[in-house]
S.K.: 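Attaching a single structure in structure tokens format; questions to follow.
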Amino acid sequence: MITNMLRGATALCLALTSFTFPSPTTATATTTTTTTTRVPVPDVLPLEDAVGRLPVVEEDRTGYTRDSFKHWNTGLDAADGCDTHDEVLLAEAVQEPAVAAGCKLSGGKWDSYYDGVEVGEADDLGIDHMVPLAEAWESGAGTWDAERREAYANDQGAAASLVAVTERTIRSKADQDPATWMPPLPEAHCRYIGEWTATKLRWGLAADQTEAEALKVYAEACETTVVHYSPAP
């Protein structure tokens, strides 16, 4: 079953090094072979610098349909009976729910950070794409193939990409960017802008001029916010 530990480990990967040594089976000299495998370390930037890395282009939604992004798929564990939607719910639960056949969740507890609401039933939550599918399409995903769009829509490789929050905040947000919508809880704004920016950088997405200007304003107010991201595979 997917856990918070798994998502945290994926989001904060470290460089790993492995070594292979010969067995000292004889008294003769041997040669040591060293093999180094490196895992990319996430970029860590002040929010203002991260916002500055976003290319600014005119957005184009021509040809977009929600069906262009296949979701939800079988998730990280195809054998657990849960799709990506339910795996995210399990990962983000602050109190683990009971899981019945067909990945039916009952009980549990979640904190919806957009509005600061504590939720006690999975059915009262939705999974929000931090950068909405339509926004992703017009920011660069319209040029991707279907496989990459599916990977984006089901991305559990970064904890910020998909977030469990109340359905009403998802409906309110719809496909808007931070120039026109922010979480109703003011205390969530800096985190939200950081995670929005991290998601766009992770997937190589752009911002339009109005969005970029809004992000810069928030970045100036969120001077202690730090952005962590790794490029998507």
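The shown structure was predicted, so the numbers you read here are calculated from the model rather than taken from an experiment.
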S.K.: Hey, could you give me each pair passing ring pair (Phe, Tyr, Trp, His ring centres under 6.0 Å) that has a residue in residues 91-110? Not counting sequence neighbours.
M.R.: none
S.K.: Checking side-chain contact (heavy atoms from CB on, under 4.5 Å) against I127, which of I170, L162, D83 comes through?
M.R.: L162
S.K.: Run through the side-chain heavy atoms of Ile, Leu, Val, Met, Phe, Trp and Tyr, join any pair under 4.5 Å, and report what else lands in V44's cluster.
M.R.: V226
S.K.: Identify the heavy atoms of C222 and L47 that sit nearest to each other, and give their distance.
M.R.: CB-CD2, 3.8 Å
S.K.: Treating H189 as the side-chain partner and P183 as the backbone partner, does any N or O pair qualify as donor plus acceptor under 3.5 Å?
M.R.: yes
S.K.: Passes side chain to side chain contact (heavy atoms under 4.5 Å, CB included), V94 versus E118? Steps please.
M.R.: CA-CA 10 Å; V94 296; E118 183 180 280; over 6 Å; no
S.K.: If you look at every heavy atom in V227 and A198, which pair is closest and at what distance?
M.R.: CG1-CB, 3.7 Å
S.K.: Whether the side chain of R149 engages the backbone of S68 through a donor-acceptor N/O pair (distance < 3.5 Å, no angle test) should be reported.
M.R.: yes
S.K.: Do T169 and S172 have side-chain atoms, one donor and one acceptor, less than 3.5 Å apart?
M.R.: no
S.K.: Is the backbone of S161 close enough, under 3.5 Å, to the side chain of E195 for a donor and an acceptor to pair up by distance?
M.R.: no
S.K.: Are E167 and D123 side-chain neighbours, meaning at least one heavy-atom pair lies under 4.5 Å?
M.R.: no
S.K.: Please tell me whether T210 and D208 have a donor and an acceptor in their side chains that are separated by less than 3.5 angstrom.
M.R.: no
S.K.: Does some side-chain heavy atom of V119 sit less than 4.5 Å from a side-chain heavy atom of K109?
M.R.: no
S.K.: Of the non-hydrogen atoms in V163 and E92, which two are nearest, and what is the gap between them?
M.R.: CA-OE2, 3.6 Å
S.K.: Output the distance between atom CG (D115) and atom CG (L185), rounded to the nearest 0.5 Å.
M.R.: 7.5 Å
S.K.: Does one side chain, of K70 or Y152, offer a donor that lies under 3.5 Å from an acceptor on the other?
M.R.: no
S.K.: Can you tell which of L90, L89, L105 makes a side-chain contact (heavy atoms from CB on, under 4.5 Å) with C82?
M.R.: L90
S.K.: State plainly whether the residues E211 and K200 are in salt-bridge range, i.e. N to O under 4.0 Å.
M.R.: yes
S.K.: Between H228 and D43, does a side chain to side chain contact (heavy atoms under 4.5 Å, CB included) hold up when you go through it step by step?
M.R.: CA-CA 6 Å; H228 301 252; D43 279 356; over 6 Å; no
S.K.: Taking only residues two or more places apart in sequence or in another chain, which ones pass side-chain hydrogen bond (donor to acceptor under 3.5 Å, both in side chains) with T84?
M.R.: N73, N154
S.K.: Would you confirm whether D111, through its side chain, and Y113, through its main-chain N or O, come within 3.5 Å as a donor-acceptor pair?
M.R.: no
S.K.: Are any of the side-chain heavy atoms of V99 and K104 separated by less than 4.5 Å?
M.R.: no
S.K.: Verify whether one side chain among E135 and W196 offers a donor that lies under 3.5 Å from an acceptor in the other.
M.R.: no
S.K.: Are E59 and S139 close enough that a side-chain donor and a side-chain acceptor fall under 3.5 Å?
M.R.: yes
S.K.: I need the minimum non-hydrogen distance between P132 and A174, along with the two atoms involved.
M.R.: CG-O, 3.6 Å
S.K.: Hey, could you give me the CG/CE distance between D177 and M182, rounded to the nearest 0.5 Å?
M.R.: 10.5 Å
S.K.: Is there a side-chain contact between V165 and K173 (heavy atoms, below 4.5 Å)?
M.R.: no
S.K.: Looking at G107 and P97, what are the two nearest heavy atoms and their distance?
M.R.: O-CB, 3.5 Å
S.K.: State yes or no: do L125 and V117 share one hydrophobic cluster built from I, L, V, M, F, W and Y residues joined by side-chain heavy-atom distances below 4.5 Å, directly or via other members?
M.R.: yes
S.K.: Go through the structure and list residues passing side chain to side chain contact (heavy atoms under 4.5 Å, CB included) with K216, not counting sequence neighbours.
M.R.: V51
S.K.: Hey, does E147 have a side-chain heavy atom less than 4.5 Å from the side chain of E150?
M.R.: no
S.K.: Do D86 and W72 pair up side chain to side chain, a donor and an acceptor below 3.5 Å, judged on atom types alone?
M.R.: no
S.K.: Using side-chain heavy atoms (C-beta onward) and a distance below 4.5 Å, is Q209 in contact with V57?
M.R.: no
S.K.: Restricting to non-hydrogen atoms, name the atom on A50 and the atom on L201 that form the minimum distance, rounded to 0.1 Å.
M.R.: O-CD1, 3.7 Å
S.K.: Counting N and O atoms only, with roles assigned by atom type, does the side chain of E87 sit under 3.5 Å from a partner on the main chain of L76, one being a donor and the other an acceptor?
M.R.: yes
S.K.: I193 versus L215: any side-chain heavy-atom pair under 4.5 Å?
M.R.: yes
S.K.: Is the Y192 to W181 ring centre distance short of 6.0 Å?
M.R.: yes
S.K.: Only counting residues at least two apart or in another chain, list the ones meeting side chain to side chain contact (heavy atoms under 4.5 Å, CB included) with R66.
M.R.: Y64, H71, L133
S.K.: Quick one: does any side-chain atom of R202 pair with a main-chain N or O of Y229 as donor and acceptor, under 3.5 Å?
M.R.: no
S.K.: So, the side chain of W137 versus the backbone of T62: is there a donor-acceptor pair under 3.5 Å, distance only?
M.R.: yes
S.K.: Between CG of D128 and CZ of R171, what distance do you get to the nearest 0.5 Å?
M.R.: 12.0 Å
S.K.: Who are the side-chain hydrogen bond (donor to acceptor under 3.5 Å, both in side chains) partners of R148, not counting sequence neighbours?
M.R.: none
